[in-house]
2 protein chains.
Amino acid sequence: MMTPSSRPGGPEAIKAARTTWRRSQIVESAARLMEEHGFHDMSVSALAREAGISVGTVYQYVDNKEDVLLLVIEDILKAYAQQVPQAMSGIADPLERLAAGFLSYCGVVDSYQTATLLAYRESRSLSRSGLHSVISHEIETTGLLVAELDAAVAAGTLRTHDTALVGSDLVFLAHMWALKRWQLRDRMTVEAYGRAQLGLVLGGLIDAKQRERYAHLLAVPGAASAPARAAARTRAGGGRR
Amino acid sequence: MMTPSSRPGGPEAIKAARTTWRRSQIVESAARLMEEHGFHDMSVSALAREAGISVGTVYQYVDNKEDVLLLVIEDILKAYAQQVPQAMSGIADPLERLAAGFLSYCGVVDSYQTATLLAYRESRSLSRSGLHSVISHEIETTGLLVAELDAAVAAGTLRTHDTALVGSDLVFLAHMWALKRWQLRDRMTVEAYGRAQLGLVLGGLIDAKQRERYAHLLAVPGAASAPARAAARTRAGGGRR
DNA sequence: AGTTCGAATGAACGGTCGTTCACCGGAGGC
DNA sequence: GCCTCCGGTGAACGACCGTTCATTCGAACT
């Protein structure tokens, strides 16, 4: 015997659906406004107007203005946490796992450029716990890449190196796609970008005897200099390298 | 016959000296406060208090609040413009010039960490002309490094590559010292950091036949694997790699 | 039709801010 | 001593903001 509150579509479900709906209205509108104006020059009344709701309604669904910022950034943290491990799963080779994880990371940065920028720009406006959340997620994701770097070093695929620094470099270079988009966006696709950076970093690390095996990750002239270059250009869809 | 206004130490000189003095009081105090609070959460009254002057005096020497931000950032732009070319001068080899320029750039970032951070965080609060100034200076300095990369490629020292992207990478990795200082600062000195990043980037670019000649720039195991590693550790003064 | 409840509203509130300007004090000149 | 000028001061001003809450509206129930 189902009670009224446990029926599918009952009041709780309606309320939860409304909360989810209103929150996404608020978050999407906030992302648009913050992309243009930043956190500080976005007023809550402008946000309400953009979302098509009243100021009081905003406060029914978020605690305060900083909460809005946090919700926008949490979207990207969730995407990292989901998409990066997923891209790496089912792949046995550490270097291939690294490549898949890094390219996926770049893809998330591309899809959430505003959130990436906000995480850098507005870290001062986050609460302690909000900032801690951002940082610990980054450490966690960096750790996934570092683990593969370590495995590749142990397998002799990569030369010995400071893998923690390399992992941080990769994450930072992924962020560069958003932070320096004024410089990069008109020059290449995010996929070409990710492959170029991966090739550059790995090119300095890879054991000489492994270059041919991973030539598809290096994307720099190697033994098959001319063909690899022509192939890379085709893949980038005309992006200049 | 010198007129009163042209005498050394005349009223204009006194006024100019006072302006310079007051401005530096304001800029130094602002840098301190913005490091902790950011631009938005620093009030002009707090700035006046920190500088030990009145609010009205602040406005005698700066036009408005944004002007303060611009003055802080202009300090670092001036330092780049002066120190990077200077570090590169008198060196004939393109790769050595590149190394000197990049390490100098890292040094400037280290000395002006607040300004580096502010340039990223507060670009939204700059006027059009202020932002244009920041961006064009960055393009200019990146261009110095790119020119050396191009020269090294032409000399056959480096393999063919997208030198514009590599130049941007180097500049961005220099900024990383400030942006990710929470991760890096306790692990290595800025010099060790600069050398590690330079070695990583160049390691992926350098022609195999040139590795031995530039082993001091690569700082990765090469032909003299064990000695190079021991030397690098000594140079870093205990920094872990 | 009347009542109740929940969601939405937007004016009001209290606070903070960037900027201005009337006033003051000190130094220099006569 | 008196006057003028310049630099400094900080309260006042006007604007804007984040947040709250008294009120209204609409839907559902009796």
Between [Y] and [X], is the closest basic N to carboxylate O distance under 4.0 Å?
X        : Y        : result
A:Arg32  : A:Glu36  : no
A:Glu35  : A:Arg181 : yes
B:Glu138 : A:Lys180 : yes
A:Glu28  : A:Arg22  : no

Would you mind telling me which of [options] lies closest to the side-chain atoms of [X]?
X       : options                : answer
B:Val55 : D:dA11, D:dG18, D:dT20 : D:dA11
A:Lys65 : D:dT19, C:dT19, C:dA8  : D:dT19
A:Tyr61 : C:dG18, C:dA7, D:dT19  : C:dA7
A:Tyr59 : C:dT19, D:dT20, C:dT9  : D:dT20
A:Ser54 : C:dT9, D:dG8, D:dT19   : C:dT9
A:Arg18 : C:dA8, C:dG10, C:dT20  : C:dA8

Please state how far atom [atom1] in [X] lies from atom [atom2] in [N], giving the value in whole angstrom units.
X       : N      : atom1 : atom2 : answer
B:Leu33 : C:dG18 : CG    : P     : 12 Å
B:Gln60 : C:dC23 : CD    : P     : 18 Å
B:Asn64 : C:dT20 : CG    : C1'   : 13 Å
A:Arg49 : C:dA11 : CZ    : P     : 12 Å
A:Lys15 : C:dC5  : NZ    : P     : 14 Å
B:Glu66 : C:dT19 : CD    : C1'   : 15 Å

Quiz item: Taking for each residue the nucleotide of DNA chain D bearing the nearest heavy atom, is the 5' side occupied by A:Ser43 or by A:Gly56?
Solution: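 Its nearest nucleotide being more 5', the pick is A:Ser43.
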Exercise. Give B:Arg22 one of three labels, base, sugar-phosphate or nothing, depending on what nucleic acid heavy atoms sit under 4.0 Å from its own.
Key: sugar-phosphate
